[in-house]
Amino acid sequence: MPKGKILVTRSLPGKALDRLREAGYQVEVHEGLFLPREDLLKRVEGAIGLIPTVEDRIDAEVMDRAPGLKVIACYSVGVDHVDLEAARERGIRVTHTPGVLTEATADLTLALLLAVARRVVEGAAYARDGLWKAWHPELLLGMDLQGATLGIVGMGRIGQAVAQRAEAFGMKVVYTSRAPKPLPYPHLSLEELLATSDIVSLHTPLTPETHRLMNRERLFAMRPGSILINTARGGLVDTEALVEALKGHLFGAGLDVTDPEPLPPGHPLYTLPNAVITPHIGSAGRRTREHMAEIAVENLLFALEGREPPNPVV
Ligand code: NAP
């Protein structure tokens, strides 16, 4: 007799789910690329545990379909897709996977930063499209990183890992967070940071306080010819205003996350050569993603066994 049903909303890399099966749980995995809302509402029925991805909106309606639900073990560090208050009211534990994805996400942040600053994607398309006929001193000029100022918004785990990497490239680092941290970088207000940074990189969680943090006014308060990088959450940026800012004010943008997400085909951002967009792959290193699955499963098992999970949010 299985101990109870665990719904996993996507297949996960590695063997972490075997641990749940071995522990006697009935593991139901949705195998598709995307789980439609109606299917989520149906499949969650009878579940005592849920492992959702960032794309599944886990709100009161979902929770009420599974009155026996004890734990939502997020396969992410960000928890903005879960209604935490609704979980709290129902006594459902919520956990996440902090730390394990810090380095992979910082790596992708640098990948986007380099790609935008040095016009790597434009250059690759130029060569592949047969336009490379000669070397020219003014061909595809970009931003020099040595000596450039990188402004980090949200100096947590990922922000600090990005700062370390930026130092290796000779960049000056400044940051803003709600409280200054014991770090060897100047702590500025957001307004000061925008006025002084050549590159602004976003690393705060998405909360009601940070929603549209980069609104039209702040995007245009960035230095002319500067770069915006967002590997945190799409909701931090006013997309429509960003499109405008990219048509002259900014040098470019590197976005791993967008609003809306996924960014639909034909969206104006895709038409801009100075926007480099990746499909939310910040933590997508194989080892990292396997490790995230192990941590999500560990959190889930602890919560189901009535023990304090290693990475609690609620
Ligand atoms: P973290 O360690 O909690 O860092 C977040 C930082 O943001 C904290 O240091 C916090 O500092 C700061 N912060 C919060 N509210 C702020 C505000 N209003 N203004 C300025 N700073 C603020 O989290 P993390 O592990 O670095 O992850 C950060 C975010 O990255 C996650 O929440 C997630 O959404 C995103 N992420 C994306 C990917 C991806 O695939 N692209 C992968 C991993 C994570 P204070 O408390 O001092 O303000």
Side-chain angles (χ1 to χ4, degrees), residues 10 12-13 52-58 74-82 84 94-113 115 151-166 173-183 185-194 197 200-215 218 228-237 253-259 261-263 276-289 291-293 295-296 310-314:
R10 303 293 184 283
L12 302 180
T53 73
V54 289
E55 221 161 63
D56 306 307
R57 184 163 47 83
I58 309 300
C74 296
Y75 185 69
S76 56
V77 62
V79 290
D80 47 282
H81 55 302
V82 179
L84 300 178
V94 179
T95 66
H96 66 156
T97 63
V100 56
L101 39 55
T102 297
E103 309 301 330
T105 309
D107 288 347
L108 189 85
T109 304
L110 263 291
L112 285 174
L113 195 163
I152 295 184
V153 181
M155 196 57 143
R157 288 172 290 255
I158 297 170
Q160 290 177 46
V162 169
Q164 278 178 2
R165 284 158 176 74
V173 174
V174 298
Y175 76 99
T176 188
S177 272
R178 288 167 303 182
K181 306 191 183 307
L183 292 168
Y185 315 112
H187 177 260
L188 307 180
S189 70
L190 179 56
E191 271 56 41
E192 287 167 334
L193 179 142
L194 298 179
S197 300
V200 173
S201 192
L202 307 180
H203 299 288
T204 69
L206 177 60
T207 63
E209 191 192 353
T210 62
H211 183 251
R212 299 269 165 105
L213 188 72
M214 293 305 291
N215 56 22
R218 293 209 175 106
L228 178 72
I229 304 294
N230 187 7
T231 60
R233 283 292 181 268
L236 299 176
V237 179
L255 309 171
D256 184 48
V257 287
T258 57
D259 181 17
E261 191 171 310
L263 198 65
V276 175
I277 298 154
T278 50
H280 203 148
I281 55 170
S283 63
R286 177 165 296 281
R287 203 160 18 93
T288 297
R289 287 280 171 88
H291 201 170
M292 286 165 64
I295 291 174
N311 308 109
V313 178
V314 168

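Every heavy atom of this structure was used, including side-chain atoms; hydrogens, water molecules and symmetry mates were not. Start at 1 and go down the list; that is how both ligands and their atoms are numbered.
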Sidechain-backbone polar pair: Gln164 side chain, Ala161 backbone, donor-acceptor under 3.5 Å: no
Going by heavy atoms, is Lys181 under 4.0 Å from ligand 1? yes
Closest heavy-atom pair, Ser189 versus Thr176, reported as atoms and distance to 0.1 Å, is C-OG1, 3.9 Å
In the protein, which heavy atom is nearest to atom 32 (O) of ligand 1, and how far is it? Pro205 CA, 3.3 Å
What is the closest protein heavy atom to atom 42 (C) of ligand 1, and at what distance does it sit? Thr105 OG1, 3.2 Å
Does ligand 1 have any atom sitting under 4.0 Å from a heavy atom of Ala179? yes
Using a 4.0 Å cut-off to any heavy atom of Ser283, which atoms of ligand 1 qualify? 40 (O)
I need the nearest protein heavy-atom contact for atom 6 (C) of ligand 1: residue, atom name and distance, please. Gly156 N, 3.7 Å
Return yes when Leu206 approaches ligand 1 closer than 4.0 angstrom through a heavy atom, no otherwise. no
Quick check: does any side chain N or O of Thr97 sit under 3.5 Å from a backbone N or O of Ser76, one acting as donor and the other as acceptor? yes
Among Val200, Leu188, Ile152, the one residue meeting side-chain contact (heavy atoms from CB on, under 4.5 Å) with Val174: Leu188
Ranked by distance from atom 38 (C) of ligand 1, the top protein heavy atom is Thr231 O, 3.6 Å
Distance in Å, His203 NE2 paired with Leu236 CG, rounded so as to fall on 0.5 Å steps: 10.5 Å
Judged by atom type as modelled, is there a donor-acceptor pair below 3.5 Å linking the side chain of Asn230 to the main-chain atoms of Leu255? no
Considering non-hydrogen atoms of the protein only, which is the closest contact for atom 12 (C) of ligand 1, and what is the distance? Gly154 CA, 3.7 Å
Candidate with minimal heavy-atom separation from atom 33 (C) of ligand 1, of Arg233, His203, Gln160: Arg233
Between Arg165 and Glu103, is any pair of side-chain heavy atoms under 4.5 Å apart? yes
Where is the tightest heavy-atom contact between Ser177 and Met155, given as atom of each residue plus distance? OG-N, 2.8 Å
Considering heavy atoms of the protein only, find what lies nearest to atom 27 (O) of ligand 1 and give residue, atom and distance to 0.1 Å. Ile158 CD1, 3.4 Å
May I ask you to list the atoms of ligand 1 that are less than 4.0 angstrom from any heavy atom of Val77? 25 (O), 31 (C), 43 (C), 44 (C)
What residue pairs, at least two apart or across chains, pass salt bridge (Lys or Arg N to Asp or Glu O under 4.0 Å) with a residue in residues 228-237? Asp80-Arg233
Min over His81, Met292, His280 of heavy-atom distance to atom 40 (O) of ligand 1 lands on His280
Atom 46 (O) of ligand 1: closest protein heavy atom, distance to 0.1 Å, is Arg178 NH2, 2.8 Å
Search all heavy atoms of Asp256 against all heavy atoms of Gly282 and return the closest pair with its distance. OD2-N, 2.8 Å
Without swapping roles, check the side chain of Tyr175 against the backbone of Gly156 for a donor-acceptor pair under 3.5 Å. no
Any heavy atom of Thr102 closer to ligand 1 than 4.0 angstrom? no
Flag Asp80 as yes when one of its N or O atoms lies below 3.5 Å from any N or O atom of ligand 1, and as no otherwise. no
Answer yes or no for Val153: is there a heavy-atom contact with ligand 1 below 4.0 Å? no
Can you tell me which portion of Thr204 lies within the under-4.0 Å heavy-atom range of ligand 1? Options are side chain, backbone, both, or neither. both
Nearest neighbour of atom 25 (O) of ligand 1 from the list His211, Arg157, Met155, on a heavy-atom basis: Arg157
Which is it for Thr105 and Thr231 under the side-chain hydrogen bond (donor to acceptor under 3.5 Å, both in side chains) test, yes or no, and what are the steps along the way? CA-CA 7 Å; Thr105 309; Thr231 60; over 6 Å; no
